[in-house]
Amino acid sequence: MTRAHFDNFATAFLSVAQDIAPNQLTVFGRESLNKGFKLMHGVIEEGLLQLERINPITGLSAREVAVVKQTWNLVKPDLMGVGMRIFKSLFEAFPAYQAVFPKFSDVPLYKLEDTPAVGKHAISVTTKLDELIQTLDEPANLALLARQLGEDHIVLKVNKPMFKSFGKVLVRLLENDLGQRFSSFASRSWHKAYDVIVEYIEEGLQQSYKQDPVTGITDAEKVLVQESWDLLKPDLLGLGRKIFTKVFTKHPDYQILFTSTGFGDTPLTKLDGNPAFGTHIIKVMRAFDHVIQILGKPKTLMAYLRNVGTDHIARNVERRHFQAFSDALIPVMQHELKAQLRPEAVAAWRKGLDRIIGVIDQGLLGLKEVNPQNAFSAADIQAIQGTWALAKPDLMGKGAMVFKQLFTDHGYQPLFSNLAQYEITGLEGSPELNTHARNVMAQLDTLVGSLQNSIELGQSLAQLGKDHVPRKVNRVHFKDFAEHFIPLMKADLGDEFTPLAESAWKKAFDVMIATIEQGQRARRSVATFLTNPVA
């Protein structure tokens with residue numbers, strides 16, 4: 001149900017009341033009922049929004065997780081029985097799967113229930129399934145458990161289709177066992193939740209989650225990058241000339257950056273005849289080659305790339321210049337290698353370069369990577385979550401007040417197309433402002449609840465940053481929000497908002513904003529890389 005259903009109920013109620021007692025329902029009485037319904041619906045909607053809140057990592061809503069856990073708890077008292085019936089149904093539908101289980105691979109189906117090895121394995125599987133279900137709302141723990149499960153099954157030669165088949169049999173068993181208690185919504189939620197679990201299991205099967213922390217590429221992808229680069233390496237000078245010519249053709253103004261190098265004003269048709277151009281290309285391509293060779297050495301690579309960025313500050317080189325080089329690089333590679341550069345290799349190049357540009361940009365901007373895991377002490381988290389709990393009864397009101405202050409003090413209202421038509425004095429109580437305030441505070445509520453989980457917090461904040469790039473919302477806007485929100489909390493909570501709490505909240509917003517900005521920089525970067533070498 002949505003708020004619209006409750007609004008329709010209120011309208012119908014008032015209409016019926018008017019018909020039944022037309023002379024007793026005064027204007028004042030009608031206004032009072034309207035006001036009461038409005039307040040009641042606000043509280044109801046808050047509850048509905050909490051249920052429909054989507055976890056940004058799993059894509060599951062709180063309501064979907066709740067119904068999966070609720071229906072599972074109905075069969076949980078008989079984990080062995082559930083497991084035995086699942087395996088019997090699985091082997092009936094997919095007879096070849098029984099061979100994967102050597103301890104009962106040759107046991108006839110009608111004897112499965114009497115075989116101790118089957119019972120032992122059934123309880124082991126359903127116990128593990130229970131652990132996964134209980135962590136559906138804890139993405140970091142869910143990923144850890146499911147990936148480990150995948151790794152454990154590599155030697156058993158169990159693959160993703162087998163896990164998918166197990167899930168189909170499981171949901172069908174729940175439908176049969178629970179009957180009307182297993183609604184269509186429960187069925188959809190189970191399929192969706194199990195798909196999330198299987199994706200993590202597959203990462204464990206392939207060990208694809210073990211990515212290089214700098215480039216984000218796996219060992220297999222690193223091999224694709226290095227193998228394709230080795231095909232081009234014998235002619236670095238020729239490759240570099242084609243890349244730079246392509247960059248200067250598309251961006252003629254970029255060539256002026258190389259005036260001090262000796263070819264900033266050389267006509268394109270004469271570049272190859274300028275010795276300074278060839279000398280510089282060799283330096284660039286050797287530096288690029290060095291980056292390719294140290295893939296898989298994250299500390300060395302991180303330091304090297306940051307130095308690349310730092311060394312280019314004085315040369316007035318910006319992120320867009322690195323991007324132009326990379327935009328030219330991959331098409332040139334595709335033209336040179338043709339079918340030898342496989343699609344999966346192109347994807348690996350783009351993936352790695354996209355992350356690398358972010359590290360170079362840190363050098364350009366003088367930024368350090370923020371790690372939420374090291375940011376908060378236990379006392380900080382306790383102070384933040386404790387004061388947040390005190391403020392929660394009126395989150396929408398606080399959010400609306402902060403936004404009105406932002407619009408008044410900073411003129412940010414045009415950033416919100418659905419609020420642009422209002423005068424600031426007319427924003428009070430507007431549905432659009434209340435809805436946006438409620439959504440923002442619900443998101444903040446999720447972040448506050450994730451302070452102990454650095455992985456989930458970091459991913460959520462980075463995604464928040466990416467989502468706000470198209471809306472032209474940047475670090476300054478988030479910072480102004482924090483500077484209005486903290487004093488509001490202090491004024492509202494009084495002595496409960498201690499100096500420790502205030503300090504912890506400021507630290508929290510600093511970390512959140514820095515991590516959000518990292519997400520925004522990653523969103524803005526499209527396969528990018530070097531335009532100049534380090535010395």
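The closest side-chain heavy-atom distance from Phe163 to Ile197 is not below 4.5 Å. Side-chain contact check for Gln98 versus Phe87: every heavy-atom pair is 4.5 Å or farther apart. Residues Leu305 and Ile356 have side chains in contact (heavy-atom distance under 4.5 Å, counting atoms from C-beta outward). Between Leu149 and Leu132 the shortest side-chain heavy-atom distance falls below 4.5 Å. Contact of the Gln334 side chain with the Ile330 side chain is registered, since non-hydrogen atoms from C-beta on lie closer than 4.5 Å. Looking at Lys479 and Val476, their side chains never come closer than 4.5 Å, going by heavy atoms from C-beta outward. A heavy-atom distance below 4.5 Å is found between the side chains of Phe185 and Arg63. Looking only at side-chain heavy atoms (C-beta outward), Phe288 and Leu236 stay at 4.5 Å or farther from each other.
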Could you go through the side-chain contact (heavy atoms from CB on, under 4.5 Å) check for Leu90 and Leu170 one step at a time?
CA-CA 9 Å; Leu90 185 68; Leu170 167 64; over 6 Å; no
Mind running side-chain contact (heavy atoms from CB on, under 4.5 Å) on Phe322 and His312 for me, showing each step along the way?
CA-CA 10 Å; Phe322 287 97; His312 283 74; 4.0 Å; yes
Asp152 and Gln148: side chain to side chain donor-acceptor pair (under 3.5 Å), yes or no, with the steps?
CA-CA 6 Å; Asp152 293 343; Gln148 186 60 55; 2.9 Å; yes
Test side-chain contact (heavy atoms from CB on, under 4.5 Å) on Val171 and His191; report intermediate values, then the result.
CA-CA 7 Å; Val171 175; His191 282 294; 3.6 Å; yes
Show your working on side-chain contact (heavy atoms from CB on, under 4.5 Å) between Leu74 and Asp177 and close with a plain yes or no.
CA-CA 9 Å; Leu74 295 175; Asp177 279 12; over 6 Å; no
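The backbone N or O of Arg286 lies less than 3.5 Å from no partner atom in the side chain of His290, so there is not a single donor-acceptor pair. Side chain of His153 to backbone of Gly150: no donor-acceptor contact under 3.5 angstrom is found. Ser326 places no side-chain N or O within donor-acceptor distance of the main-chain N or O of Gln323, the cut-off being under 3.5 Å. Formation of a donor-acceptor pair under 3.5 Å by the Glu64 side chain with backbone atoms of Ser61 is found in this model. Although no hydrogens or angles enter the test, the distance criterion places a donor-acceptor pair under 3.5 Å between the side chain of Ser165 and the main chain of Pro161. Remark: side-chain polar atoms of Asn73 are paired, donor with acceptor, to backbone N or O of Lys69 under 3.5 angstrom. A donor-acceptor pair is defined here as one N or O able to donate and one able to accept, closer than 3.5 Å; such a pair exists between the side chain of Ser183 and the backbone of Ala186. Put simply, the side chain of Asn307 gets close to the backbone of Ala303: a donor and an acceptor are under 3.5 Å apart.
A donor atom on one side chain and an acceptor atom on the other are found under 3.5 Å apart for Asn474 and His477. Side-chain polar atoms of Gln226 and Asp230 form no donor-acceptor pair below 3.5 angstrom. Residues Asp130 and Gln134 have side chains that bring a donor and an acceptor to within less than 3.5 angstrom of each other.
Across all their heavy atoms, Pro331 and Lys246 have their closest contact at CB-CE, 4.0 Å. The minimum heavy-atom distance between Met80 and Thr126, with the atom names listed, is N-OG1, 4.5 Å. Heavy-atom minimum distance, Ala99 versus Ser105: CA-CB, 4.0 Å. Counting all heavy atoms, side chain and backbone alike, Leu60 lies closest to Lys192 at CD2-CG, 3.6 Å. Pro139 and Tyr200 make their closest contact through O-OH, 4.4 Å (heavy atoms, listed as atom of the first residue, atom of the second, distance). Looking at every heavy atom in both residues, Phe182 comes nearest to Ser187 through CE2-CA, 3.6 Å.
The CD1 atom of Ile384 sits 13.0 Å away from atom NZ of Lys506, with the distance rounded to the nearest 0.5 Å. The structure places CD1 of Ile360 at 11.5 Å from CE of Met302, a figure rounded to the nearest 0.5 Å. Between Ile243 atom CD1 and Phe325 atom CZ the span is 4.0 Å, to the nearest 0.5 Å. For the atom pair CD of Glu203 and CD of Glu151, the computed distance is 11.0 Å after rounding to the nearest 0.5 Å. In this structure, CG on Asn159 lies 9.5 Å from CD on Glu202, to the nearest 0.5 angstrom. Atom CD of Glu227 sits about 11.5 Å away from atom CG of Leu341, to the nearest 0.5 Å.
Salt bridge status for Glu175 with Arg172: absent, with no side-chain N to carboxylate O gap under 4.0 Å. A salt bridge links Glu336 with Lys242: at least one charged nitrogen is closer than 4.0 Å to a carboxylate oxygen. Look at Glu199 and Lys160 and you find a salt bridge, because one of the NZ, NE, NH1 or NH2 atoms lies within 4.0 Å of a carboxylate O, short of that distance. Using a 4.0 Å cut-off between a side-chain N of Lys or Arg and a carboxylate O of Asp or Glu, Lys164 and Asp195 qualify as a salt bridge.
Taking a 6.0 Å sphere around NZ of Lys299, one finds it holds 12 or fewer heavy atoms contributed by other residues, nucleotides or ligands. At most 12 heavy atoms of other shown residues, nucleotides or ligands fall within 6.0 angstrom of atom NE2 in His335. Counting non-hydrogen atoms of neighbouring residues, nucleotides and ligands closer than 6.0 angstrom, the CZ atom of Arg342 reaches no more than 12 such neighbours.
Applying the side-chain contact (heavy atoms from CB on, under 4.5 Å) test between Val82 and each of Leu129, Leu174, Leu173 identifies Leu173 as the sole match.
For Phe101 and Phe104, the ring centers are positioned less than 6.0 Å apart.
Take Ser228 and apply the side chain to side chain donor-acceptor pair (under 3.5 Å) test, not counting sequence neighbours, and it matches Trp349.
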